[in-house]
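Heads up: the structure comes next, in structure tokens.
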Amino acid sequence: LEQVLSALSRACLKLNPKKCKLARDSVRALGFVLSSEGIKADPNNLRKIENWPMPKNVKQTRQYLGLCSYYRAHLEGFAKIAQPLTDLLAKDKEWEWTDKHTESFNTLKGRLLASSACAYPDFDKTFILKTDGSGSCVGAVLSQYDDRKKEVLISCASQKLNAVESKWSAFDKEFFALVWGVRQFSNYLRYNRFLVLTDSKPLTTAIGMNPKNDATGKRSRWCLELQSYDFEIKYKIGKHHVDADSLSRHPDPDPPDESANADEILLVCLVPESTMILTDSNLQKRIRDGQSRDPSSKEIISKLKHNS
């Protein structure tokens with residue numbers, strides 16, 4: 001309490017005593033319950049999910065999935081369970097509710113109602129980031145060991161690869177899974193040393209690769225991005241890497257439409273002692289696609305547009 005009040009004082013912020021709750025075992029905030037056990041879904045919202053009637057149209061299905069997906073960080077394999085319902089949201093597809101949708105609807109209810117709490121991150125302990133890339137998805141799991149040497153879940157996430165990314169080699173998908181996972185949990189990892197576990201043995205030696213061996217420059221950019229983080233990467237045999245692996249095969253149901261953010265501005269990063277002359281239109285498109293997903297490039301593009 002003293003640390004919180006001191007931080008508020010340094011920030012010159014004031015609190016309304018009538019709205020403060022002190023000496024409580026648990027507190028509700030933003031749809032979650034925070035307690036000594038960790039972070040759990042708010043029982044009030046879980047009750048809404050439990051009592052939600054069977055959807056009768058696309059709008060009701062979207063509302064149900066929206067509420068459920070708010071807690072997907074607590075549930076591994078969420079996208080696989082919700083996939084039949086997600087398919088109903090596709091445009092130009094006739095609405096047809098079948099037994100598989102009923103099964104998905106009921107299973108999603110049961111799994112969410114039985115979901116466990118996510119532990120609080122401890123910034124004095126080492127974070128463990130497990131990543132994996134499969135044929136069409138990437139997945140990442142963030143965890144830590146508690147005081148009892150038990151591994152506890154902090155959060156998990158997954159994303160479907162777009163049309164270009166799905167054509168990458170298996171190694172590039174594994175590499176991108178690492179980069180994407182670090183981006184996803186950068187708030188935890190930016191200023192802390194962490195451990196990366198991967199089931200791709202070549203990836204353990206790829207971070208210090210020679211840019212001259214990278215024809216497209218994609219891997220070199222990823223290496224440069226990861227250089228700002230302090231981590232150790234270790235190989236973990238596939239059969240012991242099931243959590244991140246399962247997530248990479250079952251992505252979030254509604255991945256962002258990255259093509260909608262495509263930009264006509266093309267940035268070219270010059271590697272020391274080398275210059276890129278872009279004459280291949282396909283290569284230019286691939287670079288545009290990559291930069292439209294890269295936070296740093298998007299920020300530069302935004303500033304260039306603002307100043308023009």
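We number each residue from 1, following the sequence as shown.
- A heavy-atom distance below 4.5 Å is found between the side chains of F175 and L226.
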Subject >> Criterion side-chain contact (heavy atoms from CB on, under 4.5 Å) on M54 and Q60, from CA distance to verdict >> reply: CA-CA 9 Å; M54 202 82 72; Q60 293 179 3; over 6 Å; no
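- D146 and K125 make their closest contact through C-CE, 4.1 Å (heavy atoms, listed as atom of the first residue, atom of the second, distance).
- Within the 4.5 Å cutoff, the side chain of F185 has no heavy atoms near those of the I154 side chain.
- Under a cut-off of 6.0 angstrom, the local environment of CG in N51 is crowded, with over 12 non-hydrogen atoms contributed by other residues, nucleotides or ligands.
- The aromatic rings of W97 and F105 lie perpendicular to each other, with more than 60° between the two planes, well past the 30° mark.
- When side chains are defined from C-beta on, L203 does not count as touching V196, because their heavy atoms never get closer than 4.5 Å.
- One N or O on the side chain of E174 and one on the backbone of G133 form a donor-acceptor pair closer than 3.5 Å.
- The side-chain heavy atoms of T131 and V182, taken from C-beta on, include no pair separated by under 4.5 Å.
- Linking Ile, Leu, Val, Met, Phe, Trp and Tyr residues whenever their side-chain heavy atoms come within less than 4.5 Å places W95 and Y64 in a single cluster.
- In terms of heavy-atom proximity, L85 sits nearest to L108 at CD1-CD2, 4.5 Å.
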**OP:** Please assess D87 against K93 for the test side-chain contact (heavy atoms from CB on, under 4.5 Å), listing each intermediate value before the final yes or no.
**Re:** CA-CA 9 Å; D87 290 341; K93 186 175 182 178; 3.8 Å; yes
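- The backbone N or O of S35 sits less than 3.5 Å from a side-chain atom of Y120, completing a donor-acceptor pair.
- Remark: R111 CZ to C68 SG distance equals 12.5 Å, nearest 0.5 Å.
- Using a cut-off of 4.0 Å between Lys/Arg side-chain N and Asp/Glu carboxylate O, D199 and K130 are scored as not salt-bridged.
- S166 places a side-chain N or O within donor-acceptor distance of the main-chain N or O of A163, the cut-off being under 3.5 Å.
- The shortest non-hydrogen separation linking T204 to K201 is OG1-O, 2.6 Å.
- By the 4.5 Å heavy-atom criterion applied to side chains, S228 and R190 are counted as neighbours.
- A donor-acceptor pair is defined here as one N or O able to donate and one able to accept, closer than 3.5 Å; no such pair exists between the side chain of K173 and the backbone of E165.
- A donor-acceptor pair under 3.5 Å is formed between the side chain of Q144 and the backbone N or O of D122.
- Inter-residue side-chain proximity for V58 and L89 is flagged as met; some heavy-atom pair is nearer than 4.5 Å.
- Distance check, rounded to the nearest 0.5 Å: CG of L5 to CZ of R10 gives 10.5 Å.
- K109 places a side-chain N or O within 3.5 Å of a backbone atom of W52 that can act as its donor or acceptor partner.
- Hydrophobic clustering keeps I233 apart from L224 (ILVMFWY residues linked when any side-chain heavy atoms are closer than 4.5 Å, directly or through intermediates).
- Within the 3.5 Å criterion, the main-chain N or O of L197 finds no donor-acceptor partner in the side chain of K234.
- Atom CD of Q63 is surrounded by more than 12 heavy atoms from other residues, nucleotides or ligands within 6.0 Å.
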Original post:
Does the pair Y229 and F194 meet the rule for a side-chain contact (heavy atoms from CB on, under 4.5 Å), with working shown?
Top reply: CA-CA 9 Å; Y229 294 87; F194 58 97; 3.9 Å; yes
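- One side chain, T98 or H101, offers a donor N or O that lies under 3.5 Å from an acceptor on the other.
- Residue Y191 qualifies as open at atom OH: its count of foreign heavy atoms under 6.0 Å is 12 or below.
- Classified by interplanar angle (parallel below 30°, tilted 30° to 60°, perpendicular above 60°), the ring pair W222/W168 is perpendicular.
- No continuous path of ILVMFWY side-chain contacts below 4.5 Å connects L22 to V27, so the two sit in separate hydrophobic clusters.
- Side-chain atoms of L129 and F231, non-hydrogen and from C-beta on, never get closer than 4.5 Å to each other.
- Without hydrogens or angle criteria, S104 side chain to K100 main chain gives no donor-acceptor distance under 3.5 Å.
- Under the 4.5 Å side-chain heavy-atom criterion for grouping Ile, Leu, Val, Met, Phe, Trp and Tyr, L67 is connected to L65 within one hydrophobic cluster.
- Under a hydrophobic clustering in which Ile, Leu, Val, Met, Phe, Trp and Tyr are joined whenever their side-chain heavy atoms come within less than 4.5 Å, directly or via other members, L142 and V152 fall into different clusters.
- The structure places OG of S26 at 9.0 Å from CG of L34, a figure rounded to the nearest 0.5 Å.
- Side chain of Y145 to backbone of K150: no donor-acceptor contact under 3.5 angstrom is found.
- Between atom CG of residue N192 and atom CG of residue D124 there is a gap of 8.5 Å, rounded to the nearest 0.5 Å.
- Within the 4.5 Å cutoff, the side chain of R219 has heavy atoms near those of the D172 side chain.
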